[in-house]
Each structure stands twice: as C-alpha cells, then as structure tokens.
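Per chain, numbering begins at 1; letters A, B, ... match sequence-line order. This structure is a prediction, so every number in the text was calculated from the model and none was measured.
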Protein chains: 2
Amino acid sequence: MAARRAASTTADAGDNPVGPGSGPHAPTARTSGPAGPGTRAPNIRSQVSLALREALIIGRIQPGRSVTLRGLAEELGTSPMPVREAIRGLAAENALDVSVSGRVAVPRMTDRKFGEILDARMLLEPQVAVLALPFLGKADVRRLQALDDEIDASLGNGDVEAYMRLNHAFHFAIYEAAGSEVLLPLVESVWLQFGPFMRMVYGRVGTRMLVDHHKQAIAAIGARDAAALRAAIRADIAEGMQLIGEGIGAAGTT
Amino acid sequence: MAARRAASTTADAGDNPVGPGSGPHAPTARTSGPAGPGTRAPNIRSQVSLALREALIIGRIQPGRSVTLRGLAEELGTSPMPVREAIRGLAAENALDVSVSGRVAVPRMTDRKFGEILDARMLLEPQVAVLALPFLGKADVRRLQALDDEIDASLGNGDVEAYMRLNHAFHFAIYEAAGSEVLLPLVESVWLQFGPFMRMVYGRVGTRMLVDHHKQAIAAIGARDAAALRAAIRADIAEGMQLIGEGIGAAGTT
DNA sequence: TGAAGGGATTTGTGATCACTTAATTGCAGC
DNA sequence: GCTGCAATTAAGTGATCACAAATCCCTTCA
C-alpha cells in the first residue's frame, strides 16, 4: 500500500488482492509476541477469514478471480491449512464458488442472481433496520452522519474502494444495533455475494451518478420513525442496485 | 464397539447422532471401489457435511450437544480432516456454534433467537414459494400430495423423526423449484438453526396437536394462486412456530 | 463433606506430506 | 499454421503429527 498498485488489467492473475496493504510476506500470522493482555490472540483462521471477508465486501477481488489455497497462504504468510477452513466457511456462505473439481473462485454475477440478491436485500435489510431502531441513540445518529460525510467525500474524489468500505460501514452501523444473531448473518452473506460485482461496476461506470438515501435514513432514525426508515432503506437499496444492475450486460458474465 | 453402544441418557455424550442409520463403522468414506460410472465419487467432506446437515435438520442432534472432530471422524470412519472443513462450513451458516476455545456444539435456543428465526422465515419463505410457483406443475402437486399423506401418517403414529424429515422435504420441494441460488441457501441456513430445537420440543410435547397448512398450499399451487400460496406458507410457519415457541421456557436454554 | 489443586486426557490448531486429478503448456504431426 | 496429444505443472484432498490449551477427574487437605 506504500506504493499504489499498478493498474493490472489481467482478469485472472495478478498481485495480491487480499491483505490489509502490508507487504506480501509480512508475518500476518502472529500469535506469539507481545500481544495485548486483553486480546485473546485470535487464531490464524479468523484472521484469514476476516481478510477475505473484507476483500470481498470492499470488492478488492474481482468476480471470476480464482483463489488458490497455496497462493493465499503464501500471500498471508501462513500454511494452507487455515486458508482451507476459512475458504470453506466463505463457500458455505456462497461468498466463494467451489467448482466440481474443487477449484475456488469469486463467483460471477448473473442477471437472475442479481435479481435474487435485490429481492433478499429488500426483504431483509428494511426489517433489520426497523428492528435496530429502538437501539439507536443520538450518539449513533452522530456517528452515521460522520460516516455519511465521509461517504460524500469519497464520492467527490472518486475513491471507489473507500466508498465501498464506508457504505458497508454505514449500513451495518444501523443493522448491527439490532443485535441480531440470525438476520444479520443472512444480510452479511448477501453483501459478500454482491460486493465484488458492485465494486467492478463502480470501477467502470464511476460513482458520480450515485444517489443514496442515507440522509433520509438518518433523519428517520433521529425522528424514531420506523416507516420512514424502512422507506429510506428500501429506496437506498433500490436506487443503488438499479445503477449496478445496468452493468450486468456489459460486465456481468465476463 | 461393533455392537451398538449402550443407550446413554446423558445430554452431552452418547451414541452416534449422525449417520444414516447404518452401523457406526460402515465405510461411509468410500471413494475407491466399484462406484457407478456416472457418479463422480464426491469427496468425503461433502458426505460428512451432508450427514451433519441432515442430522441437524432432522434434529437428530440435541441443542447443546458438543460435536468433536475426532469423535465425529471416528463415527463416520474417516480422519478428522474432512470433518474439520465440514464443521467449518456449518459454523459459517450458524448451524453450529464455535466457542471461544474452539469447541463446537449445536447451538441452544433463546427466545430472542427464536423470534428472529420466525421473522426470517416469515420474510423469506413465502417469497421463495411465490417465486417457485411458476415452475411447479401437476407432477409437483402430486408429489406434494404424496409427501403430505406421508406427513399425516407420521403424525398419526407419532414418528417425530419421520415428520421432521418429511416436513422439510415438503417445504423444500416447493422452494427448490424456484431454482434460487441466493434465497434458498438463506432459508436452508435458518432451517439448520431451528431444526434441533424443533425436534426437541416435538419430542417432548408430541406432534398430536400439530396443524399444518400443507393442503391449502397444495391447493394454491394447483390453482396457481400466488396470494393464496403466500398466505398458506405464512399460516403454516406461524402456527408451527407458535407451537414450538411454547416450549422455549420449558426446554429452551437448558 | 466440601473445595481446591494437580495431573492426565481430550480437543482444536497449524503444518507437512503423499496422492489424485484437473489445467496448462509444449511439441509433434498433419 | 492449426490441431491434437502428451508431459508437466498446479491445486485440492485426506491423513498424520506436534503442540498448546482447555477440560475433566481424581486426589488431598481443610
């Protein structure tokens, strides 16, 4: 990350898409060493899984990109073993695609799958937001406003990756307040599935014409208006996904 | 060991809950040998995962029951390795609970979790059913009727395990027709989460007072009536879950 | 009789290895 | 120059091992 990555146009190979920006051979798998006494030294698998999840949600890995055990292991400075389990977990969430021969890749988008994702988001996310509403206080409203300001800034300077990360943070700052053990993982699974595609489309068409409904959502939360919050989330999903959906024909099944 | 293990009534250890009913040392992990030429010899992990999924959906494993890698591996006649990956996948779907120390167990039910599962089912399943409606023909209706007859029979003779299996088969015979890549896995994940608890409740209160709305659903499918199908599924979920929900206080967090 | 301590066992984790199969590449033949 | 085949490489899979941590059980002492 020190030096910005050279633009690579090859679709199926290239430099490391995952990893928080540190060098490829940085000892990410650090369990020993002077970790904080409060931190319980999470296992390597969790770190791999987290890195992969973020890479998918941010869209740092392109759809169709193949993910190899040994490659990812070397990239993260560990053995293939934790990667295997992490990949297995992501595959169970349909965030990664395992072919019949066992090869693992980021799934490509299809128009029907896109429609299903839109359906799932429209069903789940407004409901989760409404469930979260009673738990959202003034501090949360301020935090959401700050996030939305950052989002506007990222849209202004065309930083797609920052937008992806911040948009996810905004939505899940709302959803997580519900403390949902069942619904939230379902929403996460859906986001993992459309993240890479969303990123690819934004990378091509840009984020300039993107209109979100975050301010309406913030206002609804501040007013404790469940109906307005539901409507804002619905509108946000509908408009955002419509913009992305237009990219399917151009870039979807490539 | 060859003989059946003595029946143990302790909640946290005992005989094999998983496995298709064959002997504990049946060579489930058969990759060599004269397999059919068409079958591509699915890997052991898939078999382990399938066995676990069925055990959870049927409710053959009790909530709170701990699942150990080596134990399950020996039970299925394989090494711990495929079990590890299968468990990791199930854990990613929230079908299994991994404690901070890494111990794996079937999650226990809580009232709030139960409410969320009800929410998720009410949101997803009617929608999936309606999406499947255009793909359901007369042959499917006959198949559903046959399944429902079997369900009635299982209710009559109090065969809880058969009921669990058949009820799942009935619902997913409808849902799977939609060919959904996104929504169906979400529904599956939810079923995996309440299967063990449902089974436990039915095992205690019996299935006698159970009323389903399968016949209305079949009629709605036959009439191609989306609204009626949606209503039937909603009613089926609501009534079934209400009966189960009454068991939370008695047996939920034990 | 109860609790606390310690040792033995269990269990998950990460690494490595051997094996099989699927891609890929290179080469020969047409 | 293109096609088809074969050798090579790459990659997933299952097994085994070493290790650390957690759990369990048994002993011992108050």
| task | Apply the test salt bridge (charged side-chain N to carboxylate O under 4.0 Å, His left out) to residues E54(A) and R60(A): give CA-CA distance (whole Å), side-chain angles for both, the deciding distance (0.1 Å), then the verdict. | result | CA-CA 8 Å; E54(A) 188 186 335; R60(A) 207 178 291 130; 3.5 Å; yes

Show the distances under 3.5 angstrom between N or O atoms of the protein and N or O atoms of nucleotides 5-10 of chain C.
none

| How long is the line joining CD of E85(A) and C1' of dG12(C), in whole Å? | 9 Å

| field | L96(B) and L192(B), any side-chain heavy atoms less than 4.5 Å apart | value | no

| Nearest atoms (heavy-atom pairs only) where Q193(A) meets N94(A) | CG-O, 3.2 Å

| remark: Sorted by chain and residue number, the side-chain contact (heavy atoms from CB on, under 4.5 Å) partners of R199(A) (sequence neighbours excluded) come out as V160(A), E161(A), M164(A)

| task | Specify the residue among S99(A) and S79(A) whose closest nucleotide of DNA chain C lies further upstream toward the 5′ end. | result | S79(A)

| query | How would you label the contact of V67(A) with the nucleic acid (heavy atoms, under 4.0 Å): base, sugar-phosphate, or nothing? | reply | sugar-phosphate

| field | Cationic N near anionic O, under 4.0 Å, E93(A) to R53(A) | value | yes

| request: Send over the distance from E74(B) CD to dT16(D) C1', rounded to a whole Å. | output: 16 Å

| Less than 4.5 Å apart, any side-chain heavy atom of I117(A) and any of M109(A)? | yes

| said: Please determine whether ring-ring contact (aromatic ring centres under 6.0 Å, His included) holds for the pair F194(A) and F114(A), giving the CA-CA distance in whole Å, both sets of side-chain angles, and the decisive distance to 0.1 Å. | reply: CA-CA 8 Å; F194(A) 75 82; F114(A) 185 80; 8.1 Å; no

| said: Checking contacts here: which listed nucleotide (dG14(C), dT16(D), dT13(D)) is nearest the side-chain heavy atoms of M81(B)? | reply: dT16(D)

| message | In this structure, how many angstroms lie between the P atom of dA11(D) and the CD1 atom of I87(A), rounded? | response | 12 Å

| said: Between the base of dG12(C) and the side chain of R70(B), is there a donor and acceptor pair under 3.5 angstrom? | reply: yes

| message | Would you say the rings of Y175(A) and F172(A) are close, in the sense that their centroids are separated by under 6.0 Å? | response | yes

| Taking CG from D97(A) and C1' from dG12(D), how many angstroms apart are they, rounded to a whole number? | 15 Å

| request: Write down the distance between CD (E75(A)) and P (dA11(D)), rounded to a whole number of angstrom. | output: 13 Å

| query | Closer than 4.0 Å, any side-chain N/O of S101(A) to the OP1 or OP2 of dA22(C)? | reply | no

| query | Which whole-number value in Å describes the distance from I44(A) CD1 to dA20(D) P? | reply | 14 Å

| task | Let me know the distance between CG of L69(B) and C1' of dA21(D), rounded to the nearest Å. | result | 15 Å

| field | Nearest non-hydrogen partners of A105(B) and G64(B), listed with the distance | value | CB-O, 4.3 Å

| query | Are OP1 or OP2 of dG12(C) and a side-chain N or O of R84(B) less than 4.0 angstrom apart? | reply | no

Check nucleotides 6-9 of chain D against the protein and report each pair of N or O atoms closer than 3.5 Å, with its distance, or say if there are none.
none

